[in-house]
Amino acid sequence: MPSGRLFRLNIISEMLEYITGRPVEVTPTYAVIDNHGLGYGVNVTLIDYPHIAAAKEEVKLYLYEVIREDSHILYGFLEKRTRELFELLTSVSGVGPNTARLILSSLTVRQLEATIAAGQDHVLKGVKGIGAKTAQRIIVDLKDKIKGGAESLITSTPGGETFEDAVAALVMLGFTSQQSQKVMKKIFGNTPAITTEAAIKQALTML
């Protein structure tokens, strides 16, 4: 196995098409799903997070596996279309799984499809880690592979969580605690009643 090479093992991906189970631990970016007594750790998007957290009994996540020499990582999505877009994004040169998840944490499926269809690279450049060249590459590579949506590009989904959850989510996404607290204090100072998810999405355009 080539060192450091990231690849998908197709036979395993087919075996783990999805997982159904009870969420026993949920954070804005990670969920542990209990499936018949086994706990599966799955990386999730900020947009899916509140729906997973609200699930009392059972949730179904469509899986994408990343196999490295030293790790085996699962990404899970509530909708199959979200996973399809995740796969399309990671097929673009310069876009890895974590960057693809950041994009899908900032934009809904319809928003992302509309952004690509309209060639609005400035929207993609608002996501951390996406520069001008990568944004343009995403649009060029994927424009013919997606359907444009009519949904507004500026919407937010209520999350109803706390300031600490928002800070923790940013830290888990790779930002420093100091950066995260600074931007969240500004956001919550301007809009005290803002939800966690909306705050995180706004913060990703500011950091």
Side-chain angles (χ1 to χ4, degrees), residues 26-31 43-54 75-78 82 85-86 88-90 92-142 146 148-207:
V26 184
T27 73
T29 59
Y30 187 80
N43 292 284
V44 300
T45 69
L46 299 177
I47 290 177
D48 281 349
Y49 156 66
H51 306 288
I52 297 170
Y75 293 85
F77 310 92
L78 287 173
T82 312
L85 284 175
F86 181 87
L88 286 173
L89 286 168
T90 56
V92 177
S93 177
V95 180
N98 286 331
T99 300
R101 182 173 61 154
L102 276 173
I103 293 172
L104 289 167
S105 289
S106 304
L107 301 169
T108 67
V109 165
R110 289 187 180 181
Q111 289 168 353
L112 179 57
E113 290 177 333
T115 295
I116 295 173
Q120 296 178 316
D121 60 312
H122 66 279
V123 176
L124 292 171
K125 286 190 291 184
V127 179
K128 178 179 170 58
I130 301 295
K133 289 184 178 179
T134 302
Q136 291 167 7
R137 193 179 300 123
I138 289 172
I139 289 172
V140 170
D141 288 1
L142 303 185
I146 60 95
E151 188 177 53
S152 168
L153 299 180
I154 310 175
T155 62
S156 61
T157 305
E161 299 299 326
T162 64
F163 173 91
E164 289 75 16
D165 284 339
V167 172
L170 290 181
V171 171
M172 293 180 69
L173 288 171
F175 299 97
T176 67
S177 178
Q178 184 177 4
Q179 283 178 308
S180 303
Q181 292 201 32
K182 182 177 179 180
V183 72
M184 283 304 171
K185 284 179 180 177
K186 183 175 182 179
I187 291 172
F188 278 83
N190 293 333
T191 315
I194 194 170
T195 65
T196 297
E197 186 183 356
I200 293 168
K201 290 170 71 175
Q202 184 176 335
L204 291 174
T205 69
M206 298 169 63
L207 289 166

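All values below come from the heavy atoms of this structure, side chains included, with hydrogens, waters and symmetry mates left out. For the single chain, residues carry numbers from 1 onward in sequence order.
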Novice: Would you name the heavy atoms of A199 and F188 that are closest together and state the gap between them?
Specialist: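 Scanning both residues, the minimum pair turns out to be CB-CE1, 3.7 Å.
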Novice: For residues L204 and S106, report the shortest heavy-atom separation together with the two atoms involved.
Specialist: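 Taking every non-hydrogen atom into account, CD1-OG, 3.2 Å.
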Novice: Determine, stepwise, if the pair T99 / T134 fulfils side-chain contact (heavy atoms from CB on, under 4.5 Å).
Specialist: CA-CA 11 Å; T99 300; T134 302; 5.9 Å; no
Novice: Which value, rounded to the nearest 0.5 Å, describes the distance between Q136 atom CD and K125 atom NZ?
Specialist: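 Separation between the atoms: 6.5 Å.
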Novice: To the nearest 0.5 Å, what is the distance between CD1 on I116 and CG on D121?
Specialist: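 It is 11.5 Å, given to the nearest 0.5 Å.
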Novice: Using side-chain contact (heavy atoms from CB on, under 4.5 Å), reason through I47 and L104 one step at a time and then give a plain yes or no.
Specialist: CA-CA 7 Å; I47 290 177; L104 289 167; over 6 Å; no
Novice: Give, for atom OG1 of T45 and atom CD1 of I52, the distance between the pair rounded to the nearest 0.5 Å.
Specialist: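 Reported value, rounded in 0.5 Å steps: 7.0 Å.
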Novice: How close do K201 and S105 get, heavy atom to heavy atom, and via which atoms?
Specialist: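 Scanning both residues, the minimum pair turns out to be CG-O, 3.5 Å.
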Novice: Holding to side chain to side chain contact (heavy atoms under 4.5 Å, CB included), I want the full list of residues that pass it with K133, two or more places apart in sequence or in another chain.
Specialist: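 Listed in chain order: R137.
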Novice: In Å and rounded to the nearest 0.5 Å, what is the NZ to CG distance from K128 to N98?
Specialist: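 Those atoms lie 11.5 Å apart.
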Novice: Can you give me the closest heavy-atom contact between Y30 and V44, atom names plus distance?
Specialist: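 Closest heavy-atom pair between Y30 and V44: N-CG2, 3.6 Å.
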Novice: List in chain and number order the residues that pass ring-ring contact (aromatic ring centres under 6.0 Å, His included) with F86, two or more places apart in sequence or in another chain; answer none if no residue qualifies.
Specialist: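 Checked F86 against ring-ring contact (aromatic ring centres under 6.0 Å, His included); matches are Y64, Y75, F77.
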Novice: Got a second to check how far Q202's CD is from T195's OG1, nearest 0.5 Å?
Specialist: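 Here the interatomic distance stands at 10.0 Å.
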Novice: Partners of L124 by side chain to side chain contact (heavy atoms under 4.5 Å, CB included), sequence neighbours excluded?
Specialist: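 For L124 the side chain to side chain contact (heavy atoms under 4.5 Å, CB included) partners, ignoring immediate neighbours, are I103, L107, L112, T115, I130, A135, I138, I139.
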Novice: Can you give me the closest heavy-atom contact between L46 and A169, atom names plus distance?
Specialist: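 For L46 and A169, the tightest heavy-atom pair comes out as CD2-CB, 4.2 Å.
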Novice: Looking only at atom types and distance, does a side-chain atom of R101 sit under 3.5 Å from a main-chain N or O of L173, one as donor and one as acceptor?
Specialist: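 No, because the side chain of R101 does not come within donor-acceptor range (under 3.5 Å) of the backbone of L173.
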Novice: Run the side-chain contact (heavy atoms from CB on, under 4.5 Å) check on I200 and L170 step by step: do they pass?
Specialist: CA-CA 7 Å; I200 293 168; L170 290 181; 4.2 Å; yes
Novice: Step by step, work out the side-chain contact (heavy atoms from CB on, under 4.5 Å) result for Q111 and V123.
Specialist: CA-CA 10 Å; Q111 289 168 353; V123 176; over 6 Å; no
Novice: How close do M184 and A203 get, heavy atom to heavy atom, and via which atoms?
Specialist: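 Looking at all heavy atoms of both residues, the closest pair is CE-CB, 3.7 Å.
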